[in-house]
Each structure stands twice: as structure tokens, then as C-alpha cells.
Amino acid sequence: MLRQSLIDYGMPLTSNEVPTPTPRGSEVLVRVSHCGVCHSDLHLQDGYFDLGGGQRLDVRANRPLPFTLGHEIAGTVEALGADAKGVAAGKRVAVYPWIGCGACSLCARGEEHMCNAPRAIGITVDGGYATHVLVPHPRYLLNADGIAPEMAGALMCSGLTGYGAIKKALPFLRAGPLLIVGLGGVGMMGLQFARALTDTPILVADIDAGKRDAALRLGAQQAFDPADGGARRAIIKASGGGVGAAVDFAGSDKSLPFAHAPVAKGGAVVVVGLIGGSFSMPVPMFALRAITIMGSYVGSAQEADEMLNLVKAGRVAPIPVELRPLAQTSRSLDDLRQGRIVGRVVVTP
Ligand SMILES: [Zn+2]
Ligand SMILES: [Zn+2]
């Protein structure tokens with residue numbers, strides 16, 4: 001099999017060839033047809049997350065090098081281990097990558113994506129920037145019939161992240177409209193799931209005028225520029241006194257202060273983005289505003305299934321996708337780092 005692997009942190013990916021693995025036990029070998037290039041790969045390539053104030057979260061442990069990134073995988077079942085039941089060779093699938101240890105209480109209650117000993121594909125075990133990927137059990141292969149294959153993989157990350165975050169915001173929309181901050185790939189998916197799941201008006205904010213226009217075309221009611229000093233007051237006015245929930249799809253020391261400011265009493269901020277930095281708020285304001293600040297990290301396999309059904313029902317417009325050959329994975333990561341990509345780049349082996 002061919003793959004594009006990380007040979008050292010902070011370095012470009014390199015092309016290399018290794019023997020194609022043989023699936024054992026419950027394992028399934030999937031021939032990759034498409035793999036989405038994701039922002040979180042940049043942090044894994046760097047080996048750390050920026051925590052602000054010069055602090056870093058080192059994420060280099062438990063990942064043998066060379067390592068193959070890529071967690072937004074769609075493909076076809078190619079071979080099955082002796083105990084892999086319920087799926088046949090030739091079946092088109094999307095791979096649920098957020099796999100846990102299978103033994104802890106989080107995994108037992110179906111929240112494998114939050115497991116503390118994850119076996120996440122493309123994160124802690126070899127992923128989809130390759131011609132093949134090994135999946136530990138057929139239950140992680142989701143039926144992608146009726147979904148464009150170039151979109152199916154990206155849905156397992158950006159789609160699921162957007163869906164999981166919007167679901168958390170829904171109960172707070174009794175306090176006011178929804179505000180979506182950050183209109184990259186995940187934010188745009190979030191906007192569409194929000195439209196499918198609630199009748200509440202949706203306000204959006206992004207510093208990029210092109211992205212604001214795109215969001216208005218996708219059904220956002222009003223768009224705001226966070227760089228505009230009057231934006232916060234304008235959002236409070238437009239929402240009739242504050243938004244019920246704000247979802248921060250950027251996750252930076254600029255976006256979070258902006259996102260939480262117009263939240264009404266009893267409202268919530270859902271933090272999703274991982275750009276980095278730190279945030280502070282006077283402690284009494286938590287109680288005085290009765291505000292909830294929570295995080296959201298991808299979603300469970302069950303949520304992935306719910307989300308795929310919404311997509312199959314035609315509730316989500318396709319995101320702009322640019323296909324590139326597998327050999328251009330590293331260049332695509334560089335382009336993503338420089339902010340030169342609109343929508344999603346998907347590599348095809
Ligand atoms: Zn991703
Ligand atoms: Zn676990």
C-alpha cells in the first residue's frame with residue numbers, strides 16, 4: 001500500500017510504500033477512495049496545540065513514527081477478518097474514526113469519541129492518507145449509500161463536529177436566536193444542521209466577507225464582521241436582547257470573547273474550534289449571567305448515524321470540495337495552514 005506519512009513532527013509528509021495489512025479477527029481492510037484534509041491534522045503535524053501565553057499541549061505521545069494521518073475516510077470494503085460480520089466486500093462505507101478502547105465506562109455508554117485511551121483512526125492509529133486503512137470492527141463502518149463519496153469522509157469529522165455542537169446548543173435557544181462564529185468548513189456544516197434542526201433565526205459572524213455571503217446564501221438571517229467594533233451591539237440588537245446560544249467554531253482567544261459577549265442570561269456558549277489561546281471571564285459573571293460555557297468534541301457513532309440520515313434526507317447542501325491526488329496531501333496541509341482553502345480539500349489515492 002502507498003501512504004503519505006509523518007516521519008517527524010513539524011515536517012512535511014513523505015510518500016512511502018509498506019505491505020498492505022491483512023485483517024485479522026474482527027478487522028476490516030478498507031480501500032480508501034477519499035480522505036478529507038482537516039485542520040486538526042495541522043496540530044498533529046506540529047505535535048502540539050497552542051494553549052496561549054506560550055503554553056503548549058504536547059500531543060506527540062503514543063503515536064509511533066512514521067505515522068499516517070487522515071481521519072475523514074470513505075472507501076470500499078476490500079477484505080474481512082474471520083470474525084468480521086455484517087458487511088460484505090465491495091460495500092461503500094464511511095469510516096467512523098473516533099474509536100475508543102472498548103473497555104472503559106465512556107466506551108460502554110457509547111461515547112467512544114471521549115475515551116481516554118483512544119484508538120482513533122488517523123489520530124492514534126494509522127489513518128486514511130493512504131490507499132488502504134485497517135478498521136478494528138465492522139461497527140465503525142457506516143452506510144454511505146446516497147451520499148457523494150467525496151463528502152462522506154468529511155462528514156465523519158466536520159459534519160459530525162458541526163452536528164454535535166449544534167445539538168448541544170438547541171436547548172438554550174429558548175433564550176434567543178443562535179449565533180455561529182467562524183464559517184470555515186465545520187461552521188458551514190453547523191449552519192446547515194442548525195437550519196435542519198431549529199426554526200430559530202441564525203446569526204453568523206466571520207471576518208471574511210466571502211464566507212459571510214456564502215452563509216447568507218445558505219440561510220443565515222444576518223451576518224456580522226467581528227472586526228467591526230459595533231458588531232457585538234449589533235448582534236444584541238438583532239437578537240432582541242442577546243442570543244440564546246453561541247457556537248464558536250473558531251476557538252481562539254479572539255473568537256471566544258466575541259462569541260460569549262452577546263449571549264443572553266441563561267444562554268450558553270459551545271466551544272468547538274481548536275485554534276488556541278486562552279480566555280478569562282470575571283467569576284461573578286457566571287452566576288449573574290447564568291451562563292453555561294461548554295465544549296464539544298466531534299460526536300458519538302450514534303450521532304454520526306443520525307447526522308448521515310439528515311444528509312441522506314437532503315437537509316444539507318454539499319460543501320465545496322476540491323479533489324486532489326494523494327501525493328498532494330502535504331501541500332494541501334500547507335495550503336490549509338495559510339488559509340488558502342475554501343470548503344474542503346479531499347485527497348484521492
Ligand atoms: Zn477532521
Ligand atoms: Zn474507552
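Predicted model only: the values in this text are computed from it and were never measured. Read the numbers this way: they start at 1 and go in the same order the structure lists the ligands and their atoms.
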K.L.:
Give the ring-plane orientation class for W98 versus Y297, where under 30° counts as parallel, over 60° as perpendicular and anything between as tilted.
P.N.:
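W98 and Y297: perpendicular rings.
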K.L.:
Taking atom CZ as the centre, does R56 end up with more than 12 heavy-atom neighbours from other residues, nucleotides or ligands that are less than 6.0 angstrom away?
P.N.:
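Counting other residues, nucleotides and ligands, CZ of R56 stays at 12 neighbours or fewer.
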K.L.:
Just to confirm my numbers, could you give the angle made at the Zn ion (ligand 2) by SG of C101 and SG of C115, rounded to 10°?
P.N.:
100°
K.L.:
How long is the span from the CG atom in L323 to the CZ atom in R344, to the nearest 0.5 Å?
P.N.:
13.5 Å
K.L.:
So does D41 have any N/O/S atom less than 2.8 Å away from the Zn ion (ligand 1)?
P.N.:
no
K.L.:
Are there more than 12 heavy atoms of other residues, nucleotides or ligands under 6.0 Å from atom NZ of K312?
P.N.:
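Yes, because the 6.0 Å sphere around NZ of K312 holds more than 12 heavy atoms from other groups.
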K.L.:
Taking the Zn ion (ligand 1) as the reference point, name the nearest N/O/S atom of E72.
P.N.:
OE2
K.L.:
Output yes if C38 passes the N/O/S-under-2.8 Å test against the Zn ion (ligand 1); output no otherwise.
P.N.:
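For C38, the answer is yes, given that an N, O or S atom comes within less than 2.8 Å of the Zn ion (ligand 1).
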